[in-house]
Student: 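The structure's right below; bear with me while I get my questions together.
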Amino acid sequence: MRTGLRRVIPLSWATRRLAMKVLHVFIALTLLVSTALGAQRFQERPQDSSVIQGQTVVLKCVVADRVGRIQWVKDGFALGYDRDIPGYPTYSIIGSDPREFNLMIVNTQLRDDAEYQCQVTPGGLNDPRLTASAQLTVLVPCDVPVIQGYQNGSTVEVPYTRQSLQLVCEARNGRPAAEIEWFRNDQKVVQNVHYEVEPIVGDKRSNAKSTLSLTLHGNSENDAVYRCQAKNDAVIGRPLSTVVTISILYPPGPPVIAGYSSGQSVRTNDTLLLTCTSRGGNPLGTVVWYRNNERVDSSFTSGGDKAINEYTFTAMSTDNGVVYRCEVTNLVTTAPLTASFTLTVHFPPQRVTISGGQGPLRAGDTVDLTCVSSNSNPRSTITWFARGRQIPDNDVTNTYQVSPLGGFVTRSEVSVTLSHQEHNVIYTCQATNDVGQTVADTVTLSVLYPPNPPTISGYTEGASIRANELERMTCISVGGNPEAVLKWYKNDQLLNDAVYKVIGNIAQSEIGIVARPDDNGAVYKCTATNAATGNTPLVDTVTLTVLFPPTSVTITASTNQPRAGQGMNLTCVSSSSNPAAEILWVKGGKRIQGVNRGVVNAEHGGKNTTNVLHFIPTSSDHNAVYGCRATNTLLGLAVNDAITLTVLFPPEFVNPVPTSMDLTAGDSRNLNFTAYANPSYVSYTLYREGVQASISRFRLSSGMLRISRIRKTDGGNFTVKAENDQGSATFNFSINVKYPATIVDITSRVLEDEGGTAFFECVVDANPVTPDMITWTRTGYDMNAKSKQRLDGRKSYLTVYELVRGDTGNFKCVADNGIGEPATRNAKLIVKYAPIIDKSPENSKAASEKGQTATLTCRAEGAPDISFTWYKESTPIDTSNSKYQTRLDKSQLVHYTGTLQVRNVAREDYGIYNCNATNTKGSDSFQIALHGTSKPDSPYDLQFVNATHNSITIRWKPGFNGGLDQSFRIRYKPTEARGYIYVDVPSPAKTMFTITGLKLGTEYEMTVLAFNSLGESQFQAHGIVAKTSNISTSELQGSDEVPVIIILVVCIVGVFLLTLNVGLILFFVRRRRKRLENGSDTTSHTNTFELYGTNKAEAAMYPVAASDDTRSYGTYDKSMDDFSDDYNREYEPEYANRPFTPSKLESPRMANHKATYIMDDHGRTSPWQEDPYRVAMPSHKKGTYDNGDILYDNHTYPRDTRPKSLAELSDRPPSRPSSRAGKTPPPPPMRTTSRGDTLPPVPARNYGPQEVQPRYAPPPGSLSPNIVANPTYNGPTSRLSPTHNHLAPGSEMRGHLV
């Protein structure tokens, strides 16, 4: 039978039922016997149960008088005797009584559906094996039902032609299978319903299906709502359901049009509202308007069993004859339902057009005129008029045709024979129809005849005019039909800038020209033509005579590579000039005399002039600018060009490097030894004491010596050698390295007897060695009373006399030479004396419990070193015994601590121990008593520390702590009070405490006791009395407060003074600026132009170089005060009456033209433009020449004012006030170079960035005329030589305006 319980044998259902009945009878008999005999038995059996999936179920099993073990079996599989049931996290055994062995299953799933058996093993003969079975059924709710083919809430659309419909509802995965019901409009449907269940293979769940068959009769099922409802035993609450709506589709009604009737006529711009309506249909129809089969409106509204499309438009002529159609469709219409009409629109003609009558007309000609109207409905009638009368209909031919744009087009023709009286006769054509609007067009017929010959005025042939002067000439022709067309030609080239106008029957054309060199001998011609002159124009001519200056100069050099010391020639050739130009040379603002080689004939009837300059170049000529100036003396105008020389020369040191320098160790320094040389490639070599230097911290590259973190050993005498292929140069200098003081040796320790003398020595290394560089110090020690210091160069000696034990300590040697941080080292002085043991009460005792370790401490001071010996009463302690351990600690110089540890303290270890401290000067001893732990001794030496208005601070010395950690308690009270106040000191080791919360100006009595875990000591017998302060902190703070009124007064006065200072500064700055501005008047002075080199401040200006780019240049941006050290403020009397004003150089940009200059006979210079003659301008106007002065000598400062342009005279306000009229400002100070050369005066004012154009620096080696670069040149950056006047980089061709 036991074997049968362990295995499950497959049996038939009937056999299993029979076996179960037999088993139950057997169990019942067994229970009766067991009950009678007191054996184990089921008090409560498990029962068949059902549970919804996911819920919790409990199968009960209660066994009375249980002796055996209990387990549960699931479908024959034993779950084990463990109440947690391993492997089944949702299974557990529960029960509050040992008899209960209930099986609880949480979160039940379908896999838990099984037969469960509670089994109890036998416990003996009277305790049989017990089993009880129960079936657990897990109920699973079905899925939400689904109507096949349709989603929940969807519409089932059925055409009206369909007769039947089947709806299939399915509820899946239920246990048991779901029950399905149908409802129509919430009424249950029981007919024509077929229900079936389909088991799921391999699963305990089933699928349920219900089919509803519907018969469709017309629209009876339209909008009917069908709901499928499913539920089984596991569905809690309302049944699950899904809903569909039946929609019977049928066509709409035919469309009906409103808003227009067939045959009705409308006019253009009338607004039509067409309405198309369709009724009925499911769904309602879609209504669309078409215009001639083109969809024009698809928007419609629907509701109330009808659909409406309203189409609004404005009738146009193109709508005439258009078919408007309305179409209606829905889902079930096989063809659109339509309604249409044809629109009739009446409209007038919009225009008429006359053709014919064009071209030249003469008397006797017959002209055919045609008038055509635009389309109209009905057709238009055309009428002709001439000279205010209607032309008879018999002379007019009218025709009509249909227009593709709608309506009709009318065409009318008339023929006219011209006579001499047909001069500007107007013919008019009018068109109209029944709509009422009339349109017209006109044409003017005219007879042609030629004008009179033209005449030129404004210039007398043979008279001379100057280049750049404005010359105006007028051409007049009288009569002609039409008026004459006048044209100007220069040497048969048409001019397009003439001003043409007609006054009555007179045609006039005026031309203004700015004379150019090519106008010399040019023939200006005026022609007059009209339609009657044919191909032969009427002509008048005039020939001009023009005086012009040279437009450019060309400079060439005799050698492409000048060398210092080798002679060379510069040749300057001027361009054509009428009359011939005179040439001079300029360098650095000074005139240089060349050799004139004569003149030759040139273009435009002018002359070319040639001049040669011979000289021997030096290094100062490298990058020097040689200017050539060609002047037409008759016109007083000049042109300039310049060449920058590239001269080869050996290196020259030009940078201001000191010959002797001091550096501090660790410093880094860059020294610029860059040499001025050409070729610019220079090799540099560094020598030290005559030998090539190889110091890693010294790096010489491209003339720059970089010294990195110099060391004290790096000083000495150095030489830098610079060399190129033209030669070499050397520069000598020395470096003295300063470094901070360091102590290299010191007497570190001196040990002497009391009464003796101590000697110390401190040796220092430093540069420089300064007086009092070495000092001796000691904090809190009077160095003057018993010691003496002596300094001997790099050494210092300290002597301390009559030593006492208080002299023991550290003396500090301080070395400081002012470089870096001071260096310090300590020297120890130790005075020898016999040991002295600290015999304070707290040190005379030690305590420890039995079995623990006791520590005895002995503190002493003395010198030399102290050793400790320990005795138990009179017996020396054997430190080799593991029971004892000694230790010696030294602190500071003469303080020593000896400790004795007694391990595993026994009763016999208690008693008196002696500590003996010994050194070479003597010894001292002290007794320490060791006993068991106890309460602490009373503190002693209570002292007052400080008091405030509400607190008192005290301190004390602790007594023996009894061998345990001790704390302290303070007792205090006012002297007049009776009760005490107690406060515990929070930190056990703290022996100072502040009592707070006290009364102002009150005396307090206070004392202290100690306590540990074993008890308290007595309060210190001798307490103290202390009193709090009589003045509170708030009173002290209030006495120092500053009144608010004082603070406000101070602030106001400070702001006033600050404002006053700012105002004064602004006043003086403006007054100084006004003085500087009033020192010159830009309205009363001409610009002066000069070429020269730089001074030492590189402040000189240069004219623009001849190149393909032209720019304007202003003064150097530096005020007069900036030059205070560069020139002498004295000036010669002859300048006293000369007005002095700078003015910027104005030069228009001209593409592909060299920047050259014209100088007139008054010394005025202006940039010459190659083609400035296209615009007519008055003579000497802005944009042509800006005249300036040249500084050849001290007598070329004219008093003329600079000419202004028309725009300046009419638009620009005056740049300076005229309040200084009649006053003569002093001339600007003169400047000189290092060689005594006189330089131009400094500008009287600065120019702003908007006035100063970017400076142009031509490349070195420029020869002619555009300063062509030397392709082999890699020259150095120009710099100022101490012996030569060189040009600053980029300043070779700057202009200086004064």
Side-chain angles (χ1 to χ4, degrees), residues 1-53 55-139 204 233:
M1 183 175 180
R2 182 171 298 176
T3 302
L5 291 174
R6 293 181 178 270
R7 296 184 57 190
V8 178
I9 302 174
L11 298 174
S12 65
W13 176 249
T15 305
R16 289 181 62 188
R17 292 187 65 184
L18 179 60
M20 290 297 292
K21 289 181 179 181
V22 173
L23 180 60
H24 290 163
V25 172
F26 176 78
I27 292 173
L29 294 175
T30 303
L31 287 175
L32 290 174
V33 174
S34 298
T35 302
L37 297 177
Q40 62 182 8
R41 64 188 182 280
F42 284 113
Q43 184 175 338
E44 185 176 357
R45 290 173 169 275
Q47 302 296 323
D48 292 342
S49 303
S50 62
V51 63
I52 298 175
Q53 180 179 268
Q55 295 183 351
T56 300
V57 65
V58 176
L59 299 177
K60 293 188 176 182
C61 180
V62 181
V63 180
D65 298 326
R66 180 175 64 86
V67 178
R69 302 177 66 187
I70 302 177
Q71 71 170 349
W72 284 88
V73 177
K74 175 185 178 183
D75 281 342
F77 180 80
L79 300 179
Y81 298 101
D82 193 338
R83 297 180 72 90
D84 291 335
I85 309 181
Y88 291 81
T90 60
Y91 290 19
S92 62
I93 305 300
I94 63 174
S96 60
D97 190 278
R99 296 173 298 171
E100 296 180 357
F101 206 78
N102 302 328
L103 174 63
M104 182 177 71
I105 305 175
V106 299
N107 191 20
T108 54
Q109 300 297 321
L110 196 58
R111 61 179 177 271
D112 299 324
D113 188 289
E115 180 186 56
Y116 292 85
Q117 189 178 78
C118 180
Q119 295 182 357
V120 184
T121 61
L125 296 176
N126 294 328
D127 297 304
R129 179 185 184 89
L130 303 178
T131 60
S133 301
Q135 180 69 35
L136 176 62
T137 302
V138 178
L139 305 180
K204 296 180 180 181
D233 294 341

Student: Mind checking the CD-CD spacing from Glu100 to Gln43? Nearest 0.5 Å is all I need.
Tutor: 8.5 Å
Student: Who are the side-chain hydrogen bond (donor to acceptor under 3.5 Å, both in side chains) partners of Lys74, not counting sequence neighbours?
Tutor: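 By the side-chain hydrogen bond (donor to acceptor under 3.5 Å, both in side chains) rule, Lys74 matches Tyr91.
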Student: Decide side-chain contact (heavy atoms from CB on, under 4.5 Å) for Gln47 and Lys60; before the verdict, give the C-alpha distance in whole Å, the side-chain angles of both, and the deciding distance to 0.1 Å.
Tutor: CA-CA 8 Å; Gln47 302 296 323; Lys60 293 188 176 182; over 6 Å; no
Student: Shortest non-hydrogen contact from Ala132 to Arg45?
Tutor: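 So the minimum-distance heavy-atom pair works out to CB-NH1, 3.3 Å.
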Student: With side chains defined as the heavy atoms from C-beta onward, is the minimum distance between Leu59 and Ser49 less than 4.5 Å?
Tutor: yes
Student: Are Asp113 and Gln135 packed together at the side-chain level, in the sense that at least one heavy-atom pair is separated by less than 4.5 angstrom?
Tutor: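 Asp113 vs Gln135: side chains touch.
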Student: Determine whether Thr131 and Val73 make a side-chain contact, defined as any pair of heavy atoms from C-beta on separated by less than 4.5 Å.
Tutor: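 No. Closest side-chain heavy atoms not under 4.5 Å.
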Student: Taking Thr108 for the side chain and Gln55 for the main chain, is one N or O donor matched with an acceptor at less than 3.5 Å?
Tutor: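 Judged by distance alone, yes, a pair lies under 3.5 Å.
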Student: What residues, two or more places apart in sequence or in another chain, satisfy side chain to side chain contact (heavy atoms under 4.5 Å, CB included) together with Val106?
Tutor: Thr56, Thr90, Met104
Student: How are the rings of Tyr116 and Trp72 set to each other: parallel, tilted or perpendicular (split at 30° and 60°)?
Tutor: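 Because their plane-to-plane angle is over 60°, the rings of Tyr116 and Trp72 count as perpendicular.
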Student: Who are the side chain to side chain contact (heavy atoms under 4.5 Å, CB included) partners of Gln53, not counting sequence neighbours?
Tutor: Gln109, Leu110, Val138, Val140
Student: Got a second to check how far Leu103's CG is from Ile85's CD1, nearest 0.5 Å?
Tutor: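 Answer rounded to 0.5 Å: 5.0 Å.
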Student: Applying the side chain to side chain donor-acceptor pair (under 3.5 Å) criterion to Asp65, which one of Arg41, Gln40, Arg99 satisfies it?
Tutor: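 That would be Arg41; it is the only one of Arg41, Gln40, Arg99 passing the side chain to side chain donor-acceptor pair (under 3.5 Å) with Asp65.
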Student: How about Ile105 and Leu136: do any of their side-chain heavy atoms sit closer than 4.5 Å?
Tutor: yes
Student: For the residue pair Gly95 and Arg83, what are the closest heavy atoms and their distance?
Tutor: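 That would be N-NH2, 3.8 Å.
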Student: Mind listing the closest non-hydrogen atom pair of Asn102 and Cys61 along with its distance?
Tutor: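 In this case the closest contact between Asn102 and Cys61 is OD1-N, 2.8 Å.
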Student: Report the distance from atom CG of Asp48 to atom OG1 of Thr137, rounding to the nearest 0.5 Å.
Tutor: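 Separation between the atoms: 7.5 Å.
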Student: Would you name the heavy atoms of Gln117 and Ser133 that are closest together and state the gap between them?
Tutor: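 Closest heavy-atom pair between Gln117 and Ser133: NE2-OG, 3.0 Å.
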Student: Side chains of Tyr81 and Thr121: does their closest heavy-atom pair fall under 4.5 Å?
Tutor: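 Yes, their side chains come closer than 4.5 Å.
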